[in-house]
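Computed from a prediction, not measured in an experiment: that's the story for all the values here. Just the heavy atoms: all of them, side chains too, but no hydrogens, waters or symmetry mates, feed the values below.
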Amino acid sequence: MLARLGGLDILVNNVGGSSAPSGGALALSHTDWQQTFDTNLFAAVRLDRAFLPKMLEQNSGVIIHISSIQRTLPLYDATLAYAAAKAALTNYSKGLSNEVAPKGVRVNTVAPGFIETEAVARLIKRLAENAGTDLNTARQQLMDSLGGIPIGRTGRPEEVAELVAFLVSDRASYINGAEFVIDGGTIPTV
């Protein structure tokens with residue numbers, strides 16, 4: 001594939017999620033933990049290992065890892081394995097950035113909060129139907145259950161995409177090893 005493309009300039013690791021059950025640490029099996037880490041950490045590691053050598057050979061490239069605000073704010077009763085995997089991804093990203101920056105490759109992390117993806121929209125619809133309420137009420141109840149969102153609304157996928165587009169651009173050529181938190185109330189951490 002690299003031969004056909006002639007190289008690789010940008011790699012965005014955007015996979016994430018978990019199907020592990022809620023209920024806290026003891027509700028999670030070894031398989032739940034392994035699947036969640038495979039999806040949220042090892043997928044990025046495998047992609048980096050596949051494409052990083054060519055970036056290093058080129059002496060240029062940008063890698064963006066999409067983490068999660070849960071890396072430091074785990075919902076222990078619902079998504080503990082996911083939060084732990086995203087914390088590991090964030091730490092891995094920082095270490096990788098220190099290793100490869102002198103060789104021309106930048107690595108940064110974006111940690112979104114509650115972004116209303118298509119999957120989240122389906123969840124809100126299910127919650128509304130189950131509670132016999134409207135979508136806005138279900139959305140607000142979900143935001144409240146997460147501790148609230150200071151800006152008062154969910155994030156949009158395109159807002160995350162715009163940050164990623166900036167980070168991979170030449171305008172961000174000096175930004176490396178940074179973590180950008182998008183949670184509707186926090187100024188991005190650099």
Side-chain angles (χ1 to χ4, degrees), residues 1-2 5 7-20 24-25 28-76 78-115 117 119 146 155 157 159-170 172-183 186-190:
M1 183 166 109
L2 285 175
L5 296 174
L8 181 71
D9 300 313
I10 299 167
L11 176 60
V12 179
N13 293 294
N14 189 36
V15 70
S18 175
S19 60
L28 302 173
S29 69
H30 174 76
T31 301
D32 294 327
W33 281 98
Q34 189 63 54
Q35 287 175 341
T36 303
F37 268 73
D38 282 345
T39 301
N40 295 284
L41 172 64
F42 295 126
V45 171
R46 288 181 189 107
L47 282 172
D48 292 348
R49 289 175 52 87
F51 295 111
L52 185 58
K54 185 63 173 175
M55 289 179 163
L56 294 172
E57 181 184 308
Q58 298 169 174
N59 291 316
S60 68
V62 181
I63 297 173
I64 305 293
H65 292 136
I66 306 298
S67 183
S68 171
I69 194 170
Q70 286 193 49
R71 87 238 172 277
T72 57
L73 299 169
L75 301 172
Y76 68 88
T79 56
L80 184 57
Y82 172 79
K86 290 300 189 178
L89 176 64
T90 301
N91 197 24
Y92 160 73
S93 298
K94 182 62 177 176
L96 184 62
S97 72
N98 291 338
E99 176 184 347
V100 300
K103 300 168 187 162
V105 179
R106 297 185 298 112
V107 180
N108 289 296
T109 305
V110 174
F114 188 26
I115 305 300
T117 62
L146 297 171
E159 291 172 310
V160 177
E162 289 170 3
L163 175 58
V164 170
F166 167 73
L167 290 173
V168 301
S169 76
D170 289 339
S173 64
Y174 193 68
I175 299 174
N176 178 64
E179 179 183 17
F180 293 83
V181 179
I182 305 171
D183 76 350
T186 303
I187 295 173
T189 305
V190 179

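For the ring pair (Phe, Tyr, Trp, His ring centres under 6.0 Å) condition, the pairs that include at least one residue of residues 80-109, sequence neighbours left out, are His65-Tyr92. Listed by first and then second residue, the salt bridge (Lys or Arg N to Asp or Glu O under 4.0 Å) pairs involving residues 79-92 amount to none (not counting sequence neighbours). Residue pairs meeting the salt bridge (Lys or Arg N to Asp or Glu O under 4.0 Å) criterion with at least one member in residues 88-103, sequence neighbours excluded, do not occur.
The minimum heavy-atom distance between Ala25 and Leu80, with the atom names listed, is CB-CD2, 3.7 Å. Across Ala44 and Leu89, no two heavy atoms sit closer than the pair CB-CD1, 3.7 Å. Scanning both residues, Val62 and Met55, for their nearest heavy atoms gives O-CE, 3.6 Å. Across every non-hydrogen atom of Ala43 and Val15, the tightest pair is CB-CG1, 3.8 Å. Closest non-hydrogen pair, Gly17 versus Asn40, comes out as O-ND2, 2.7 Å. Across all non-hydrogen atoms, the minimal contact from Ala84 to Phe37 is C-CZ, 3.7 Å.
Residues satisfying the side chain to side chain contact (heavy atoms under 4.5 Å, CB included) criterion with Ala87, sequence neighbours excluded, are Arg71. With sequence neighbours excluded, the residues satisfying side chain to side chain donor-acceptor pair (under 3.5 Å) with Ser29 are Asp32. For Asn14, the side chain to side chain contact (heavy atoms under 4.5 Å, CB included) criterion is met by Val12, Ile66, not counting sequence neighbours. Not counting sequence neighbours, Ser97 has no partner by the side chain to side chain donor-acceptor pair (under 3.5 Å) test. Take Phe114 and apply the ring pair (Phe, Tyr, Trp, His ring centres under 6.0 Å) test, not counting sequence neighbours, and it matches no residue. Every side chain to side chain contact (heavy atoms under 4.5 Å, CB included) that Gln35 has, sequence neighbours left out, goes to Thr31. Legend: residues meeting salt bridge (charged side-chain N to carboxylate O under 4.0 Å, His left out) with Asp38, ordered by chain and number and at least two apart, are Arg46. With sequence neighbours excluded, no residue forms a side chain to side chain donor-acceptor pair (under 3.5 Å) with Glu162. Applying the side chain to side chain donor-acceptor pair (under 3.5 Å) test to Thr109 and every residue at least two apart in sequence or in another chain returns Ser93.
Looking at heavy atoms from C-beta onward, Ile63 lies in side-chain contact with Val105 at the 4.5 angstrom threshold. Annotation: side chain of Gln34 is in contact with side chain of Phe42 (closest heavy-atom distance under 4.5 Å). Val110 is listed as a side-chain neighbour of Val164, based on a closest heavy-atom distance under 4.5 Å.
With hydrogens and angles ignored, the 3.5 Å screen pairs no side-chain donor or acceptor of Thr39 with any backbone N or O of Thr36. A donor-acceptor pair under 3.5 Å is formed between the side chain of Asn108 and the backbone N or O of Ile175.
The CG atom of Asn13 sits 5.0 Å away from atom CG of Leu47, with the distance rounded to the nearest 0.5 Å. Phe180 CZ to Ser67 OG: the interatomic distance, rounded to the nearest 0.5 Å, is 13.5 Å. In this structure, CD1 in Ile182 is found 6.0 Å from CD1 in Ile115, a value given to the nearest 0.5 Å. Atom CD1 of residue Ile10 and atom OG of residue Ser60 lie 10.0 Å apart, to the nearest 0.5 angstrom.
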